[in-house]
Protein chains: 2
Amino acid sequence: MPYQALSDRGVTHPDVRRANLGLVLRHLRDHGPRSRASLAADLRMTRSTVSTLVSELIERCLLTDGPLVQSAVGRPGTAVELDGHAVCGIGAEINVNHVSTMALDLRGRVVGDRKLALDARSMDSTIVLGHLADLVRETVDRLDEEGVQTVGLTVGVAGLYDRTRDVLTHGPNLGWYDVPVGAILRQELGGSFPIVVDNEGNLAAAAEVIPGDAGRQDMLVLHGEIGVGGGIVSGGRLLRGSHGFAGEFGHMIVEPGGRQCACGRQGCWETVSGLRALLELAADPDDPIRNPTMALDDRLAEINRRAGLGDARTLQALEDVATWVGTGAAILVNALNPATIVLTGYYAAVGHHMRTAIEQALRAGVLAPDAGGTQVELSVLGFSAAVRGGATAALESVFADPTRVPRRSASAPV
Amino acid sequence: MPYQALSDRGVTHPDVRRANLGLVLRHLRDHGPRSRASLAADLRMTRSTVSTLVSELIERCLLTDGPLVQSAVGRPGTAVELDGHAVCGIGAEINVNHVSTMALDLRGRVVGDRKLALDARSMDSTIVLGHLADLVRETVDRLDEEGVQTVGLTVGVAGLYDRTRDVLTHGPNLGWYDVPVGAILRQELGGSFPIVVDNEGNLAAAAEVIPGDAGRQDMLVLHGEIGVGGGIVSGGRLLRGSHGFAGEFGHMIVEPGGRQCACGRQGCWETVSGLRALLELAADPDDPIRNPTMALDDRLAEINRRAGLGDARTLQALEDVATWVGTGAAILVNALNPATIVLTGYYAAVGHHMRTAIEQALRAGVLAPDAGGTQVELSVLGFSAAVRGGATAALESVFADPTRVPRRSASAPV
DNA sequence: CACTTTTAGTTCAGGTGACGGTCAAACTAG
DNA sequence: CTAGTTTGACCGTCACCTGAACTAAAAGTG
């Protein structure tokens with residue numbers, strides 16, 4: 001009989017410890033550094049309990065004592081804060097024209113950032129994954145020399161990733177079908193840290209969660225490039241669906257009998273809200289912004305420039321596309337009632353010219369008054385959202401169970 | 001400073017006890033009666049721990065010793081099973097033409113079922129709620145005399161119920177706007193058990209969850225009547241959205257510029273997939289099945305009869321509507337990737353004639369091959385789904401924390 | 001039939017870890 | 001300098017899970 005994950009198992013005393021260690025760690029992440037005494041007040045624990053928890057977290061190099069904090073009267077407390085110097089999580093991304101990695105420390109700071117340009121379509125998948133493994137190995141080894149332990153790797157791929165079978169079933173952009181990405185990478189990199197593979201859009205969505213921000217716990221994240229995708233966050237957690245295929249918004253049919261889509265269907269949302277629709281509306285075929293060899297950032301900058309100058313055609317194109325974005329988003333808002341819609345990808349770049357029309361279409365298409373209170377925001381993460389989300393997901397395991405990081409010698413006094 | 005729910009608080013030893021008591025209770029619910037020893041094996045706890053947990057649950061009248069079970073060799077164990085005789089949860093529903101309640105015991109058996117016909121539109125909301133409170137009070141008092149304690153009431157209303165403000169903001173069917181249903185009922189009924197109000201469609205969706213059935217943990221529940229609504233279940237939990245407005249599928253615009261909807265928009269899904277669309281396609285205005293005074297069940301039975309006899313117009317109408325149901329469902333399946341779509345309301349009644357066309361439209365409209373593995377099923381709960389879901393939701397609090405039910409004297413030996 | 005084996009359920013000592021009280025330390029206010 | 005306040009460490013107490021020992025009840029064996 002194969003290993004079967006039991007639905008649940010009994011809670012033991014070490015579980016209590018784990019839960020409380022995680023609670024302290026997450027509280028410091030979500031609400032910033034503070035003294036042991038205020039931690040105790042916030043978390044309704046006794047000061048003695050917090051003291052032992054904090055000292056254990058310090059032994060595990062996850063916290064450090066910080067500056068003294070004085071509050072009105074009494075003995076000042078010593079603030080404790082997250083220690084970024086012991087562990088990191090790594091996020092990676094496999095795209096058509098590059099593979100890249102990003103390492104984040106416990107505080108969410110970038111401590112490693114690699115990118116390798118390649119043409120994935122012309123190469124075998126194992127070769128591409130080998131290159132990615134090299135990038136990861138270099139990052140891990142370098143950080144290891146600095147005493148930083150890698151706690152996990154989360155890889156984002158463009159396509160349908162079946163999490164139940166751990167296989168990329170459909171990666172049309174990469175030309176990959178039924179590739180067991182996770183298994184191949186685990187073989188390449190060994191088992192010193194867990195390796196998880198997920199859909200790129202889902203990871204980018206996860207990156208938009210801001211711990212402690214109520215408006216960022218129920219989100220619809222819309223990612224626009226040539227294709228349109230994204231993710232759904234509910235109660236701070238990513239909604240993946242039964243196989244992990246959730247978030248394929250681009251192929252919702254919003255206009256039956258509408259424009260032909262690359263997927264073979266007609267009227268998919270991305271045919272009217274994707275980057276191609278915007279470019280075709282905004283410019284003639286010989287216009288430089290429709291030159292595919294030009295860098296995307298530059299083309300978007302040019303669109304912004306023209307819109308800023310009041311160019312009628314550009315503004316109209318942005319408005320038309322924005323109306324479709326809002327119309328499609330309204331469908332999802334009726335179903336999901338998110339607190340926030342976060343626009344990423346090219347939407348984030350030119351979104352300030354689209355926002356009004358999006359919000360208008362949203363109010364028109366959502367049953368609940370005022371679009372059910374849903375706010376539209378532009379992402380500030382840029383195109384690194386997916387790798388950042390991957391690294392964050394890897395770090396999440398430490399916040400969930402700090403005992404995954406081994407105890408080291410207590411802080412050596414100098 | 002008002003009471004502020006802290007994001008989290010420390011885990012204490014009594015919490016361990018609570019968690020383990022709940023674990024045992026839920027395991028018996030999900031997997032059926034079994035001996036203490038097999039509980040220990042399933043939950044990875046020691047037999048001694050299970051023994052104390054079980055005896056505490058018996059003291060709280062939530063479990064009883066059952067028959068002996070013999071397995072091959074060795075001493076037979078005494079199975080323990082859920083005891084239905086101590087507590088119940090109550091679900092209620094406020095509809096245009098009736099208010100109703102249903103009480104379920106811990107095993108999910110119906111121990112009370114009341115219904116009062118009334119015309120809600122012609123009455124003040126407080127009067128209607130007074131009638132509902134009477135119904136609930138009678139049920140609670142009767143059960144109380146039998147020694148059954150009510151642990152909670154969950155009320156479903158048709159309309160947009162804002163869970164953050166605890167107010168029915170928009171109830172067009174009832175003609176209710178900004179009615180604080182929860183507060184009114186709490187005043188009527190006193191505070192002896194918690195009262196929660198939720199959207200009817202959401203509760204009906206929650207009722208479709210089958211504990212322990214993997215295919216019923218990630219669901220899209222579609223409820224068809226004149227309007228179309230439903231709910232989303234993710235990981236066994238209802239997705240409510242930031243204000244509780246999730247699940248308003250009927251007003252997704254699936255056909256821009258399409259048929260006029262009662263909500264004022266054009267092309268809403270319910271204009272092509274609701275009961276009215278089916279009736280108008282299937283029969284002329286003077287046909288008895290379009291007679292609104294005739295009971296809905298009878299009209300649906302007549303449609304089934306005609307379809308069964310092979311009537312071309314009826315079959316074509318069912319197929320046309322089913323194609324729209326599948327087309328709209330495909331939009332949501334792309335976004336959510338549920339394991340199962342459960343059809344309720346009139347869909348459940350005539351769904352066996354719609355299923356093929358729905359599945360075909362689903363496969364055509366979902367990016368993932370084979371509709372992402374999503375299965376279409378017909379609900380067997382009928383029109384009582386919402387009250388049943390409400391009662392289940394109320395009982396859930398006991399499964400989450402069995403210590404909510406007080407200890408009584410140990411089983412009196414006769 | 002007595003005896004061994006196997007499984008079930010209870011009892012009790014032991015260990016983990018949170019709680020609560022005490023106390024020294026460190027600061028402010030008068 | 002003294003009184004008052006808050007912090008953080010230390011320690012006894014208590015809740016509750018674990019594991020070993022023990023009894024109970026069945027089947028199999030000679």
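The chains referred to below are lettered A, B, ... by the order of the sequence lines, with proteins before strands, and numbering in each begins at 1.
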Colleague: Side chain of B:T12: nearest nucleotide among D:dA15, D:dC17, C:dC19?
Modeller: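 The answer is C:dC19, which lies nearest to the side chain.
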
Colleague: When the distance from CZ of B:R9 to P of C:dA18 is rounded to whole Å, what number comes out?
Modeller: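 After rounding, the reported distance stands at 17 Å.
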
Colleague: Please find the pair of heavy atoms, one from B:T164 and one from B:S242, that lie closest to each other, and give the distance.
Modeller: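 Heavy-atom minimum between the residues: CG2-O, 3.4 Å.
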
Colleague: Can you tell whether the side chains of A:E56 and A:R17 come within less than 4.0 Å, N to carboxylate O?
Modeller: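 The answer is yes: the pair qualifies as a salt bridge.
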
Colleague: For the pair made of CZ in A:R44 and C1' in C:dG20, what is the distance, rounded to whole Å?
Modeller: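 Answer to the nearest Å: 17 Å.
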
Colleague: If you find the nucleotide of DNA chain C closest to B:T52 and the one closest to A:V16, which residue's nucleotide is nearer the 5' end?
Modeller: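 That would be B:T52.
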
Colleague: Are any of A:N20's side-chain N or O atoms less than 4.0 Å away from OP1 or OP2 of C:dA18?
Modeller: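 It does, given that an N or O in the side chain of A:N20 lies less than 4.0 Å from OP1 or OP2 of C:dA18.
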
Colleague: Got a salt bridge between B:D83 and B:R60, using NZ or NE/NH1/NH2 to carboxylate O under 4.0 Å?
Modeller: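 Between B:R60 and B:D83 there is no salt bridge, as every charged N stays at least 4.0 Å from the carboxylate O atoms.
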
Colleague: Compare every heavy atom of B:L23 with every heavy atom of B:L43, then report the nearest pair and how far apart it is.
Modeller: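 Nearest heavy atoms, B:L43 then B:L23: CD2-CG, 4.1 Å.
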
Colleague: Are B:S51 and C:dA8 close enough that a side-chain N or O sits under 4.0 Å from OP1 or OP2?
Modeller: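 Looking at the OP1 and OP2 atoms of C:dA8, neither is under 4.0 Å from any side-chain N or O of B:S51.
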
Colleague: If you measure from the Lys or Arg side-chain nitrogens to the Asp or Glu carboxylate oxygens, is any gap between A:D198 and A:R240 under 4.0 Å?
Modeller: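 Looking at A:R240 together with A:D198, the answer is yes, because their closest N to O distance falls below 4.0 Å.
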
Colleague: Is a donor on one side and an acceptor on the other found under 3.5 Å between the side chain of B:T392 and the backbone of B:R388?
Modeller: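 Flag set: sc B:T392 to bb B:R388 pair under 3.5 Å.
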
Colleague: Could you give the CG-to-C1' distance, from A:L23 to C:dA18, as a whole number of Å?
Modeller: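 In whole Å, C:dA18 C1' and A:L23 CG are 13 Å from each other.
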
Colleague: Using a strict threshold of under 4.0 Å (side-chain N to carboxylate O), is an ion pair present between B:E396 and B:R237?
Modeller: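 Result for this pair is no, no salt bridge flagged.
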
Colleague: Find the distance B:H13:NE2 to C:dG20:C1' and express it as a whole number of Å.
Modeller: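 Value for this atom pair: 15 Å.
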
Colleague: Using a 4.0 Å heavy-atom cut-off, does B:V50 contact any base of the nucleic acid, only the sugar-phosphate backbone, or nothing at all?
Modeller: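 No contact.
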
Colleague: For a quick check, tell me whether the side chain of A:S48 and the base of D:dG8 share a donor-acceptor pair closer than 3.5 Å.
Modeller: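 No, no donor-acceptor pair under 3.5 Å.
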
Colleague: From CG of A:L21 over to C1' of C:dG17, roughly how many Å is that when rounded to an integer?
Modeller: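 It is 11 Å, rounded to the nearest whole Å.
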
Colleague: Within this structure, what is the CG-to-C1' distance between B:L39 and C:dG9, rounded to whole angstrom?
Modeller: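 My rounded result for the distance is 13 Å.
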
Colleague: Using only heavy-atom distances, decide whether a donor-acceptor pair under 3.5 angstrom links the side-chain of B:S35 to the base of C:dG9.
Modeller: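 Flag unset: no donor-acceptor pair detected.
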
Colleague: Using atom types as modelled and distance alone, determine if a side-chain donor or acceptor of B:R29 lies under 3.5 Å from a backbone N or O of B:P211.
Modeller: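 It does not hold such a pair.
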
Colleague: For B:E56 and C:dT10, what is the distance between atoms CD and C1' respectively, to the nearest whole Å?
Modeller: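 Checked: the CD to C1' distance equals 17 Å.
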
Colleague: The side chain of A:T46 lies closest to which of these nucleotides: D:dT7, C:dG20, D:dT18?
Modeller: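 For the A:T46 side chain, the nearest candidate turns out to be C:dG20.
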
Colleague: Kindly say if B:R36 contacts the phosphate of C:dT10, meaning a side-chain N or O under 4.0 Å from OP1 or OP2.
Modeller: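 Indeed, a polar side-chain atom of B:R36 lies that close.
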
Colleague: For nucleotides 22-30 of chain D, give me one character per nucleotide, 5' to 3': B if any protein heavy atom sits under 4.0 Å from the base, S if the only such contacts are to the sugar-phosphate, - if neither.
Modeller: --BBBS---

Colleague: I want to check one thing: is the phosphate of D:dT18, taken as OP1 and OP2, less than 4.0 Å away from some side-chain N or O of B:T49?
Modeller: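 It does, given that an N or O in the side chain of B:T49 lies less than 4.0 Å from OP1 or OP2 of D:dT18.
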
Colleague: Are OP1 or OP2 of C:dT16 and a side-chain N or O of A:R17 less than 4.0 angstrom apart?
Modeller: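 A:R17 to C:dT16 OP1/OP2: no side-chain N or O under 4.0 Å.
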
Colleague: Whole angstrom is fine here: how far is it from CG in B:L53 over to C1' in D:dC17?
Modeller: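 Taking CG of B:L53 and C1' of D:dC17, I get 9 Å after rounding.
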
